[in-house]
Trainee: 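Encoded as structure tokens, here's the structure I'll be asking about.
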Amino acid sequence: MSKNILVINCGSSSIKFSLADPLSGKHLLSGLAEKLGSADAALEWKGADSGSKTLGQAGHREALLGIVALLQKLNLSCEGIGHRVVHGGEKFSKSCEVTDESLAALEANSHLAPLHNPVNIQGIEAAREAFPGLPQVMVFDTAFHQTMPRQAYLYALPYELYQQEGIRRYGFHGTSHRYVCTEAAKRLNRPIEELALISAHLGNGCSATAVLGGKSVDTTMGLTPLEGLVMGTRSGDIDPSLHEFLCNTLNLSLSEVSNLLNKESGLLGLSGHSNDMRALLEAEAAGNERAAIAIQVFVYRLAKSIAALTVALGRLDALIFTGGIGENSAPVRQRTLELLPFLHLQPDTEANLQHGRDNQGIITLGTQPCAMVIPTDEEIVIARDTHKLVSGI
Ligand code: ADP
């Protein structure tokens, strides 16, 4: 029987999928169904085969049926399905099988992530119809951070808001932080239980996490993924009074402020040019001052948060860079490390330019502590958790 796992990540108008072998860590087929719900809905895939097809007016259910048909055509099978779910709240501190009860508990959490969880639930329900009889598992972005101590997860708000409404810091990108920290321990050839790590996941969304002995002890994202670092279009931390200020001075509604902070801020807002770090580095080199400002604020805030996270660890063995920017942008890593000399992270410029490729990902001089580049693989974490749960290991 095939041990492959189909990993599904449902967005509001897209489904990313990957057929992965949890034992070897290989991806056999990956693809994207996008523009769902519009007349241009389409499916593309690569790996064991590559191609694309239009899906007509497909929604999530039809797109999943298209993926079933594709797997059948390619003679590929799977033993289970793993779903990426954004918000597990306090109910889910680890991955769990999809059952009527767990789905109901997830639904009860939806108010914590109204943009994401309902879409994830829709994907799970559609997958139950498209793949009847196949076991399914939910893997949460938040679960890894459920080990944070209360001084890290509580906001200084009336305590009743935490007790009655669940208002606290949850953190996100958990599967990515978990993956790169496990990988760092392997590469450093040390048990993860002994290590004090900080992982910086820098993609369109950005977060950094302090991981002590393999457990998340603090992270930069909060109740929602808006808190913390500067991101592609998200502001990260701001003065909480800004909402009222903008409503009063610019006559914006709350949803307009929310849109501004989530979609028009961050690198895009500061530069007025792009949310894409590659484009900003090119623009900076061509003399674009606003691009330079955006990168400067991004790097400063990142370094400041890394320094703050060391408080949760008491020491540091390794700083890990991952995500599209963390894995590919030598200048961002170099500039970040240059702001942190007191952490004794001395950049090795040559190794950094090579993304640490010939040195287990290590991009600093000396041995202790080190900074590393480790490509993330959230799908493999989801495939492995799913395999463990469906095969009862
Ligand atoms: P997502 O969070 O959507 O998964 P990614 O992890 O793919 O996003 O990261 C996207 C970011 O990575 C973009 O800002 C992009 O500019 C950046 N990026 C990718 N390659 C490079 C590169 N070579 N240099 C600088 N930034 C890069």
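Both backbone and side-chain heavy atoms feed into the values below; hydrogens, waters and symmetry mates do not. Every number for a ligand or one of its atoms is a count from 1 in the order of the listing.
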Trainee: Could you check whether E90 pairs with R150 (Lys NZ or Arg NE/NH1/NH2 to Asp/Glu carboxylate O, under 4.0 Å)?
Mentor: no
Trainee: Please output the residues near ligand 1 using a strict heavy-atom distance under 4.0 Å, listed in chain and residue-number order.
Mentor: G203, N204, G205, N275, D276, M277, R278, G323, G324, I325, N328, S329
Trainee: Using the side chain to side chain donor-acceptor pair (under 3.5 Å) rule, take H177 and S207 through it: C-alpha gap first, then chi angles, then the decisive distance, then the call.
Mentor: CA-CA 9 Å; H177 293 299; S207 71; 2.9 Å; yes
Trainee: Looking at E125 and R128, is there a salt bridge between them, counting it only when a charged N and a carboxylate O are closer than 4.0 Å?
Mentor: no
Trainee: Main chain of L280, side chain of E284: is a donor-acceptor contact present, judged purely on distance under 3.5 Å?
Mentor: no
Trainee: Salt bridge check: are R84 and E378 linked by an N-O gap of less than 4.0 Å?
Mentor: no
Trainee: Could you label the plane-to-plane angle of the Y162 and Y153 rings as parallel, tilted or perpendicular, counting under 30° as parallel and over 60° as perpendicular?
Mentor: tilted
